[in-house]
**Q** 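Please see the structure below; I have some questions.
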Amino acid sequence: MNTSDPSYYKWTQYIVVLLYNHYYDLEEEKAVSIVKLVETFAEEGNRNVKAFCTQEEIFTAEQWASFTTQEKHDIVMNYRLVYKGSGAVNWCEEEGTVLSNDQVKDGMSLRTGAAVVQRPMVQWYLRITAYADRLTNDLEDLDWSKAIKTSQKTWIGRSEGATVYFNIENSDKNIEVFTTRPDTIFGATYMVLAPEHELVELLTTKEQKDEVDQYVAYVKAKSEIDRMAEKKITGVAIGAYAINPFTNSRIPIWIGEYVLKDYGSGAIMAVPSDDERDMAFAEKFNLPIIKVVDKTDFPSAGPHDKVGKMINSDFLNGMEVIDAISLVCKKVEEMKIGKASVNYKLRDSNFSRQRYWGEPFPIAYDKEGLSYTLDIDALPLELPQTDDFEPKGDGRSPLSKIDSFVNMPNGHTRETDTMPGVAGSSWYYLRYMDPNNKDRFAGKDHINYWQNVDLYVGGAEHAVAHLLYARFWHKFLHDINLVPTKEPFKKLINQGMIQGGIEAIYKLKEKTNGFHHFLCAGLVKAKGITDATAIPLDIKFVEAYGSIGSHLNMEGINKFIAWRPTYADAIFECSKGIYQNGKFTSAKGQENSESELVTHSEIGKMSKSKYNVINPDEVVAEHGADAFRMFEMFLGPIEQSKPWDPNSIGGVSKFIRRFWSLFFDQDGKQVFTEEAATDEEFKILHGTIKKVTEDIERFSFNTCVSAFMEAVNHLKKLPSSKKVILEPLVVTIAPFAPFVSEELWKALGNTGSVHHASFPAYDESYLVENSISYPISINGKKRALQDFPADATKEDLEKQVVGLDSIQKYLEGKNIKKIIVVPKRMINIVVAG
RNA sequence: GCCCUGGUGGUGGAAUUGGUAGACACGCAGGACUUAAAAUCCUGUGCUCUCAGGAGCGUGCGGGUUCAAGUCCCGCCCGGGGCACCA
């Protein structure tokens with residue numbers, strides 16, 4: 001199955017059509033058809049519609065009827081689960097294209113080093129925020145690691161509080177704020193808007209205009225990342241005043257970069273007494289601070305802990321914080337200046353890409369430019385053939401250059417954005433249930449039979465992306481009765497990452513004499529250069545990879561240049577000299593030396609973007625697929641990350657050869673016999689089956705492998721090997737070493753596949769011990785080891801143990817206070833004196 | 001800063017319910033076979049001391065509970081990952 005195959009993405013497009021044609025109904029708490037919504041609009045307007053949407057204006061049925069087609073289209077777009085909206089993207093002018101966040105670092109493209117700026121762009125979005133509550137609440141019932149659950153929870157970031165509108169002096173406008181602490185409203189002594197807030201321009205007074213313009217320009221010039229990283233306290237008053245609705249006092253309105261335009265309403269009521277950021281701001285700009293919560297009873301509580309008694313707050317005085325919050329919410333609603341509300345950190349997700357490789361949107365535009373979805377019969381809408389995969393340069397995708405694709409016979413035009421990778425990956429597990437179905441994304445019977453995924457193994461890097469989108473899509477499909485389950489993945493295991501060494505070279509941010517300038521890691525450190533960016537490169541170019549001295553020689557630099565032609569004439573400087581345009585100029589005292597550009601090395605994930613992937617094919621070619629597979633399991637617990645260490649794969653390789661040697665000698669002669677097995681042999685076999693059965697259940701594959709090693713070591717010590725032992729052992733080992741076990745299965749005379757043989761059950765009766773070796777401790781310190789019959793009673797053991805020679809010497813002159821016997825485990829003698 | 005993890009020999013790791021710490025492997029040392037090498041096999045290998053029998057210490061650090069703690073409790077330290085001015 002391939003998500004980029006039209007027979008698959010037909011159904012991805014189909015689901016997108018469904019998303020486009022549904023909205024989220026907050027009363028029914030599920031997705032409902034847009035057709036129903038439009039009917040309601042025609043009957044009674046949107047007054048009674050409780051939907052998750054960005055439509056704010058209320059209209060009546062009469063108004064709806066009077067709207068133009070375009071107006072109706074725009075209003076409905078505010079409800080759709082897939083909708084068109086505007087947002088900022090990373091724009092690289094030089095490349096004429098949009099870049100993803102991980103292709104950008106320090107405001108420049110990692111591929112070409114060109115500048116990247118934020119630029120608004122109209123794109124498609126998924127209204128995932130509609131499902132925020134359910135995505136949070138339903139985490140409860142999932143058998144997922146706590147780490148993933150908490151990271152989804154914090155990513156969604158639900159917080160409860162209140163929306164309050166503040167009137168503005170001499171203006172009919174008001175400012176909407178969101179606060180989790182409505183109780184502290186008596187302490188709200190000023191307001192802060194995000195510098196990008198739409199009211200800033202309108203409200204700024206003449207006197208403040210210059211200062212405000214300057215500040216807004218300063219903020220715009222900073223990238224989002226810099227703005228967050230610096231955490232500087234900056235801001236400027238805009239000259240206007242708001243009225244605190246509870247104290248009726250005039251409070252100044254400021255703008256400041258610490259208020260984010262995308263969270264809440266992009267404006268806050270600042271309560272310096274109970275928020276560190278507001279406090280820091282107030283102190284810096286000398287704004288009034290009124291203490292409103294008395295926390296003397298809670299000395300260890302921080303400003304955000306909702307404990308304490310209200311003070312300086314009129315009718316709230318003396319109340320507990322929690323009660324004050326609900327009372328203020330009630331009061332605010334009575335006064336019609338706001339309401340209790342919920343906010344999320346989660347944003348709707350950008351669903352557009354301006355790239356060739358992706359599913360085309362099943363969406364077209366009519367002659368008026370209104371969007372509509374294609375009929376299911378018109379799907380799949382296939383990606384058109386082309387040789388030109390470069391983006392158009394104006395920010396549009398390469399598809400926009402293909403007239404035959406863009407222009408439809410009826411004069412309509414097609415959407416030219418493509419979908420991101422998460423589109424196809426959000427539902428593929430459903431297709432696995434019925435991969436060849438031509439009429440449906442998966443047959444109803446199949447889905448009802450398989451339900452959802454019992455065990456999903458995947459990397460933790462998908463914690464908040466893939467795993468959240470898939471849950472969202474699944475819930476949507478559940479809402480419209482296409483899947484019976486609420487969640488896609490019942491149990492989740494995060495396998496650790498096999499890490500690799502990452503090699504990078506430093507590049508100065510500023511060009512030198514117009515040339516890109518690369519520096520040796522040693523020089524960067526020695527000179528204390530901070531104005532350089534580490535650019536990851538292919539580990540194949542690097543000499544002494546994985547060691548401290550990893551570096552690029554001239555050949556390596558040439559390979560690097562061939563790989564990144566932008567840097568063909570760049571300067572490569574190391575302590576030995578300078579390499580440029582194929583010429584090496586050695587530094588003073590370094591004559592006859594060669595370039596040795598030391599690279600920056602660290603351990604990190606293996607990733608295409610870090611160019612440090614170890615090719616499994618090469619490992620398989622050298623050691624075989626079984627050894628590779630078992631080695632990965634043997635490295636350690638599945639959930640743990642560990643660096644790729646090729647040294648110990650030999651141990652697993654050796655084990656497989658030893659296992660083989662139980663069947664055939666070095667000349668390929670069969671060595672196993674049809675003889676009956678001894679109790680000892682059965683004990684080894686059944687002990688191994690038991691251990692492996694139990695360890696598979698708890699996903700402890702590394703200990704399974706060591707159980708096999710122990711079994712083989714043990715069997716090798718015995719004089720002969722028996723078919724009756726080997727046969728079940730081969731089946732047990734088959735999931736771990738599928739190829740070798742298949743061959744040995746055939747060698748034992750079987751005809752079918754070992755992978756169809758049923759997994760052996762173990763027989764406890766072979767595992768019964770006649771005698772048990774007891775460790776004997778004196779005061780908790782192990783002093784001796786002694787065999788006792790397995791059926792010895794507590795009393796027998798207590799009596800016998802004190803008579804042992806090996807124990808006697810420790811007891812001389814001491815009083816035995818107590819003897820603790822844990823049957824089949826250990827004996828501890830407590831003495832005193 | 002907040003959240004989640006983890007810390008055990010030279011190394012990767014094992015110890016599932018409080019009950020023999022270091023299974024299994026790598027590495028290292030020694031030996032067998034071999035003209036030699038590879039491969040294979042055997043022995044040893046936590047640290048320190050040692051009269052060679054053993055003794056002491058030992059699971060990041062400091063306390064505690066217990067006959068008994070890698071495991072439970074309290075307080076710290078360090079590494080890895082995620083989120084990060086979220087009002």
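Please read these numbers as outputs of a predicted model, since none were measured by experiment. Sequence lines set the chain letters: A, B, ... in the order given, protein chains first and strands last, and positions in each chain run from 1. Excluded from the calculations below are hydrogen atoms, water molecules and symmetry mates; all remaining heavy atoms, backbone and side chain alike, are included.
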**Q** Suppose you measure atom P in B:A68 against the same atom in B:U50; what distance do you get, rounded to whole Å?
**A** 32 Å
**Q** Is a side-chain N or O of A:Ser273 found less than 3.5 angstrom from the main chain of A:Ile289, in a donor-acceptor match?
**A** no
**Q** Please state the P separation for the pair B:A38 and B:A32 - nearest whole angstrom.
**A** 15 Å
**Q** Heavy-atom nearest nucleotide on RNA chain B for A:Phe178 versus A:Ala147: which residue maps closer to 5'?
**A** A:Ala147
**Q** Using a 4.0 Å heavy-atom cut-off, does A:Arg158 contact any base of the nucleic acid, only the sugar-phosphate backbone, or nothing at all?
**A** nothing
**Q** From the list B:A87, B:U40, B:C85, which nucleotide is the closest neighbour of the side chain of A:Ile268?
**A** B:A87
**Q** Give a yes or no on whether the backbone of A:Tyr165 and the side-chain of A:Asn174 come within a donor-acceptor separation of less than 3.5 Å.
**A** no
**Q** Taking atom types as modelled, find out whether A:Ser700 and A:Thr703 have a side-chain donor-acceptor pair closer than 3.5 angstrom.
**A** yes
**Q** Looking at A:Arg181 and A:Asp183, is there a salt bridge between them, counting it only when a charged N and a carboxylate O are closer than 4.0 Å?
**A** yes
**Q** Run the salt-bridge test on A:Glu140 and A:Lys149 with the 4.0 Å N-O cut-off and return the result as yes or no.
**A** no
**Q** When the P atoms of B:A37 and B:A29 are compared, how many Å lie between them, rounded to an integer?
**A** 15 Å
**Q** Between A:Lys717 and A:Gly651, which residue's closest nucleotide on RNA chain B lies nearer the 5′ terminus?
**A** A:Gly651
**Q** Considering every strand and a 4.0 Å limit on heavy-atom distances, what is the contact class for A:Ser159: base, sugar-phosphate, or nothing?
**A** sugar-phosphate
**Q** Whole Å only: how far is the NZ atom of A:Lys306 from the C1' atom of B:A87?
**A** 11 Å
**Q** Can you tell me the pairing partner of B:U66 across any strand shown, Watson-Crick or G-U wobble, with both distances under 3.5 angstrom?
**A** none
**Q** Within the 4.0 Å heavy-atom criterion, would you say A:Ile776 contacts the bases, only the backbone, or no part of the nucleic acid?
**A** nothing
**Q** If I pick the P atom on B:G75 and the same atom on B:A84, what distance separates them, to the nearest angstrom?
**A** 29 Å
**Q** With a 4.0 Å cut-off on heavy atoms, is A:Leu635 in touch with a base, just the backbone sugar-phosphate, or nothing at all?
**A** sugar-phosphate
**Q** Taking only the C1' atom of each, what is the distance from B:U17 to B:G12 in whole angstrom?
**A** 27 Å
**Q** Do A:Phe281 and A:Trp254 make the cut of ring centroids closer than 6.0 angstrom?
**A** yes
**Q** Could you state the CG-P distance from A:Asn779 to B:U20, rounded to the nearest angstrom?
**A** 17 Å
**Q** Whether A:Lys781 contacts B:C57 is assessed here as follows: a side-chain N or O lying under 4.0 Å from the phosphate OP1 or OP2. Is that the case?
**A** yes
**Q** When we call it a touch if two heavy atoms are under 4.0 Å apart, what does A:Val822 touch: a base, just sugar-phosphate, or nothing?
**A** base
**Q** With rounding to the closest Å, how many angstrom separate the P atoms on B:A39 and B:C28?
**A** 12 Å
**Q** Output the single nucleotide from B:C4, B:G56, B:C83 whose closest atom is nearest the side chain of A:Lys345.
**A** B:C83
**Q** With a 3.5 Å limit on both atom pairs, tell me what B:U35 is paired to, counting Watson-Crick and G-U wobble, or say none.
**A** none
**Q** Taking atom P in both B:C26 and B:G13, compute the distance separating them and give it to the nearest angstrom.
**A** 16 Å
**Q** Tell me which nucleotide among B:G12, B:C67, B:G13 gets nearest to the side chain of A:Asn828.
**A** B:C67
**Q** Looking only at side-chain atoms of A:Thr180, point me to the closest of B:G82, B:A87, B:C24.
**A** B:A87
**Q** Which base sits across from B:G1 as a Watson-Crick or G-U pair, both distances under 3.5 Å?
**A** B:C83
**Q** Please report, rounded to the nearest Å, how far the P atom of B:G79 is from the CD atom of A:Gln640.
**A** 18 Å
**Q** In whole angstroms, how far is the C1' atom of B:C24 from the CD1 atom of A:Ile649?
**A** 16 Å
**Q** Please report the distance, rounded to the nearest Å, between NZ in A:Lys716 and C1' in B:C42.
**A** 13 Å
**Q** For B:A52, give the paired nucleotide (Watson-Crick: N1-N3 plus N6-O4 or O6-N4; G-U: N1-O2 and O6-N3; both under 3.5 Å), or none.
**A** none
**Q** Please determine whether a side-chain nitrogen of the Lys or Arg among A:Lys683 and A:Glu769 lies less than 4.0 Å from a carboxylate oxygen of the Asp or Glu.
**A** yes
**Q** Write down the distance separating the C1' atoms in B:U43 and B:U66, rounded off to the nearest Å.
**A** 41 Å
**Q** Does B:A39 have its OP1 or OP2 closer than 4.0 Å to a side-chain nitrogen or oxygen of A:Gln666?
**A** no
**Q** Does a nitrogen or oxygen in the side chain of A:Arg783 sit under 4.0 Å from OP1 or OP2 of B:A55?
**A** yes
**Q** Taking the chi torsion of B:G9, is it syn (within 90° of 0) or anti (everything else)?
**A** syn
**Q** Roughly how many Å is it from NZ in A:Lys654 to P in B:C24, rounded to a whole number?
**A** 13 Å
**Q** Base, sugar-phosphate, or nothing for A:Asn702, non-hydrogen atoms under 4.0 angstrom?
**A** sugar-phosphate
**Q** Between B:C41 and A:Arg658, is there an OP1 or OP2 to side-chain N/O distance shorter than 4.0 Å?
**A** yes
**Q** Between B:U16 and A:Lys691, counting only base atoms on the nucleotide and side-chain atoms on the residue, is there a donor-acceptor pair under 3.5 Å?
**A** yes
**Q** Once you apply a heavy-atom cut-off of 4.0 Å, does A:Thr179 come out as touching a base, just sugar-phosphate, or nothing?
**A** sugar-phosphate
**Q** Identify which nucleotide among B:A14, B:U5, B:C85 has an atom closest to any side-chain atom of A:Lys146, counting heavy atoms from C-beta outward.
**A** B:U5
**Q** Checking contacts here: which listed nucleotide (B:A23, B:A25, B:C85) is nearest the side-chain heavy atoms of A:Met709?
**A** B:A25
**Q** Scan every strand shown for a Watson-Crick or G-U wobble partner of B:G75, both distances under 3.5 Å, and answer none if you come up empty.
**A** B:C61
**Q** Hey, does A:Lys153 reach any base, or is it just sugar-phosphate, or nothing, if we go heavy atoms under 4.0 Å?
**A** nothing
**Q** Scan every strand shown for a Watson-Crick or G-U wobble partner of B:U43, both distances under 3.5 Å, and answer none if you come up empty.
**A** B:A29
**Q** Look at all strands and tell whether A:Met826 reaches a base, only sugar-phosphate, or nothing, counting heavy atoms closer than 4.0 Å.
**A** base
**Q** Looking at A:Asp133 and A:Arg158, is there a salt bridge between them, counting it only when a charged N and a carboxylate O are closer than 4.0 Å?
**A** yes
**Q** Less than 4.0 angstrom between a side-chain N/O of A:Arg657 and OP1 or OP2 of B:A39, yes or no?
**A** no
**Q** Is there a Watson-Crick or G-U wobble partner for B:A21 with both distances under 3.5 Å, and if so, which one is it?
**A** none
**Q** Applying a 4.0 Å non-hydrogen cut-off, can you work out what A:Arg347 is touching in the nucleic acid: base, sugar-phosphate, or nothing?
**A** nothing
**Q** Can you measure A:Ile778 atom CD1 to B:A68 atom C1' for me and round it to whole angstrom units?
**A** 13 Å
**Q** Could you check whether any side-chain heavy atom of A:Tyr263 comes within less than 4.5 Å of a side-chain heavy atom of A:Ser159, counting everything from C-beta outward?
**A** yes
**Q** Measure the distance from CZ on A:Phe655 to P on B:A23 and round it to the nearest whole Å.
**A** 18 Å
**Q** Would one find a side-chain N or O of A:Arg698 under 4.0 angstrom from OP1 or OP2 of B:A15?
**A** yes
**Q** Once you apply a heavy-atom cut-off of 4.0 Å, does A:Asn713 come out as touching a base, just sugar-phosphate, or nothing?
**A** sugar-phosphate
**Q** Nearest to the A:Thr150 side chain among B:U20, B:C24, B:C4, which nucleotide is it?
**A** B:C4
**Q** Do A:Tyr218 and A:Tyr215 have their ring centres less than 6.0 Å from each other?
**A** yes
